[in-house]
Amino acid sequence: MKNISKYSLLFLLTLMVSCQHEKEKQKLTYDTTNKQKPAAKVDATQIKVADLPINFTGTNVLLHPVGDLNIYGRDNNVKYESSSRSEPQQSFTVSNNNEYEISGYLENIKFQEIGQDSIKALTDKSILIETATYLKTIADKTKKQFIVYTLSDTDTNKDGKVDSNDIKSIYISTIKGEKFSKLSTDLFELIDWNVIDAQNRIYFRTIEDINKNGAFDKDDKIHYYYLDLLAKEWKVQEYFPVK
């Protein structure tokens with residue numbers, strides 16, 4: 001009897017961990033009532049901050065990454081947390097950057113042409129930008145300057161906020177933040193993307209939750225697309241390499 005109880009307990013614990021894992025990876029919640037879930041309450045105060053401006057080599061624009069710095073706790077038990085840093089108490093930085101990419105958890109990027117005072121926001125919508133990549137090789141070849149973004153733009157899991165647990169999409173804009181356009185289809189999760197310089201194209205893949213279980217898995221459908229960057233009007237084309 002003791003052995004049976006021990007194995008039963010082990011089974012229940014395993015089942016609970018498995019269920020929790022399934023819940024965490026779910027990025028889609030289908031709401032048939034169309035009612036907006038109220039925002040989740042968190043013991044935190046958010047301070048909006050902008051990092052110092054970034055200039056990609058060869059461009060005439062400054063980029064100002066904007067994000068939220070969270071202050072947790074009460075009274076003297078306070079800590080500062082930036083979502084993009086591993087040591088939150090020692091930094092007010094909300095982004096990281098290398099030569100041609102900005103990364104982090106940003107709610108916006110603001111653009112300022114060098115020599116001008118005006119600063120323009122990329123969007124007025126609620127989004128969470130994870131990467132902004134300057135297409136340097138395309139710029140060197142064609143003199144056309146673009147930025148590609150991976151971001152979340154909708155509260156797809158209905159938890160009351162747009163964050164990294166929601167579906168990731170792919171967007172593009174000019175170097176000045178103009179023509180900010182979504183390339184992927186709504187509710188399709190971005191898998192990956194790359195640039196083919198020889199064709200002046202962006203290629204990317206997404207996955208569709210065709211079985212409507214709220215998660216992306218082997219039973220769902222992968223879609224393949226490309227975009228001609230030099231076309232007068234950007235139009236995403238689907239192609240079928242595995243037919």
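Counting heavy atoms from C-beta on, the side chains of Asp228 and Trp234 never come closer than 4.5 Å. Within the 4.5 Å cutoff, the side chain of Leu122 has heavy atoms near those of the Phe111 side chain. At a threshold of 4.5 Å between non-hydrogen side-chain atoms, the residues Leu63 and Ile147 count as touching. Between Val66 and Ile109 the shortest side-chain heavy-atom distance does not fall below 4.5 Å. Between Asp219 and Ile210, the closest side-chain pair of non-hydrogen atoms is not below 4.5 Å. Using a 4.5 Å heavy-atom cutoff, the side chains of Leu135 and Val148 are in contact. Contact of the Glu101 side chain with the Tyr134 side chain is not registered, since no non-hydrogen atoms from C-beta on lie closer than 4.5 Å. A heavy-atom distance below 4.5 Å is not found between the side chains of Ile202 and Phe146.
Scanning both residues, Gln112 and Gln116, for their nearest heavy atoms gives NE2-O, 2.8 Å. The shortest heavy-atom contact between Arg205 and Tyr224 is CD-CE2, 3.5 Å. A pairwise comparison of heavy atoms in Val162 and Ser152 identifies CG1-O, 3.5 Å as the closest pair. Closest non-hydrogen pair, Leu230 versus Thr142, comes out as CD1-CG2, 4.0 Å.
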Start with the C-alpha gap between Lys168 and Glu130, add the side-chain angles, then the distance that decides, and say whether side chain to side chain contact (heavy atoms under 4.5 Å, CB included) holds.
CA-CA 9 Å; Lys168 188 183 299 181; Glu130 294 193 19; 3.4 Å; yes
Show your reasoning for whether side chain to side chain contact (heavy atoms under 4.5 Å, CB included) applies to Leu151 and Tyr171.
CA-CA 8 Å; Leu151 59 87; Tyr171 279 70; 3.4 Å; yes
Pair Thr137-Asp197, side chain to side chain donor-acceptor pair (under 3.5 Å): steps then yes or no:
CA-CA 7 Å; Thr137 55; Asp197 295 332; 2.8 Å; yes
With side chain to side chain contact (heavy atoms under 4.5 Å, CB included) as the test, would you mind laying out the steps for Phe56 and Ile102 before giving the verdict?
CA-CA 10 Å; Phe56 293 128; Ile102 302 170; 3.9 Å; yes
Pair Thr150-Thr131, side chain to side chain donor-acceptor pair (under 3.5 Å): steps then yes or no:
CA-CA 5 Å; Thr150 62; Thr131 62; 2.5 Å; yes
Mind running side chain to side chain contact (heavy atoms under 4.5 Å, CB included) on Glu189 and Lys27 for me, showing each step along the way?
CA-CA 9 Å; Glu189 169 85 340; Lys27 287 197 168 186; 2.8 Å; yes
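Tyr203 and Tyr239 have perpendicular rings, their planes meeting at more than 60° on a 0 to 90° scale where under 30° would count as parallel. Classified by interplanar angle (parallel below 30°, tilted 30° to 60°, perpendicular above 60°), the ring pair Phe204/Tyr225 is parallel.
Side-chain contact, Tyr105 with Asp163: no donor N or O sits under 3.5 Å from an acceptor N or O. Side chains of Thr59 and Gln145: no donor on one and acceptor on the other come within 3.5 Å. At a cut-off of 3.5 Å, with distance as the only test, a side-chain donor of Tyr149 or Ser173 sits close to an acceptor on the other residue. Of the N and O atoms on the side chains of Asp51 and Ser95, at least one donor lies less than 3.5 Å from an acceptor on the other residue.
Hydrophobic side-chain contacts under 4.5 Å tie Leu52 to no other Ile, Leu, Val, Met, Phe, Trp or Tyr residue.
Residues passing the salt bridge (charged side-chain N to carboxylate O under 4.0 Å, His left out) test with Asp186, sequence neighbours excluded: Lys182. Under the side chain to side chain donor-acceptor pair (under 3.5 Å) criterion, Lys48 pairs with Glu107, not counting sequence neighbours.
Of the possible donor and acceptor atoms, one in the side chain of Asp209 sits under 3.5 Å from a partner among the backbone N and O of Gly214. At least one donor-acceptor pair under 3.5 Å links the side chain of Asn108 to the backbone N or O of Thr123. Within the 3.5 Å criterion, the main-chain N or O of Ile167 finds a donor-acceptor partner in the side chain of Thr156.
Counted within 6.0 Å of NZ on Lys125, heavy atoms from surrounding residues, nucleotides or ligands total 12 or fewer; the atom is thus considered open. Around NZ of Lys143, the count of heavy atoms belonging to other residues, nucleotides or ligands within 6.0 Å does not exceed 12. The environment of Lys144 atom NZ is sparse: at most 12 non-hydrogen atoms of other residues, nucleotides or ligands sit within 6.0 angstrom.
With respect to the salt-bridge test (charged N to carboxylate O, under 4.0 angstrom), the residues Glu113 and Lys176 qualify. Looking at Lys218 and Asp220, no side-chain N of the basic residue comes within less than 4.0 Å of a carboxylate O on the acidic one, giving no salt bridge.
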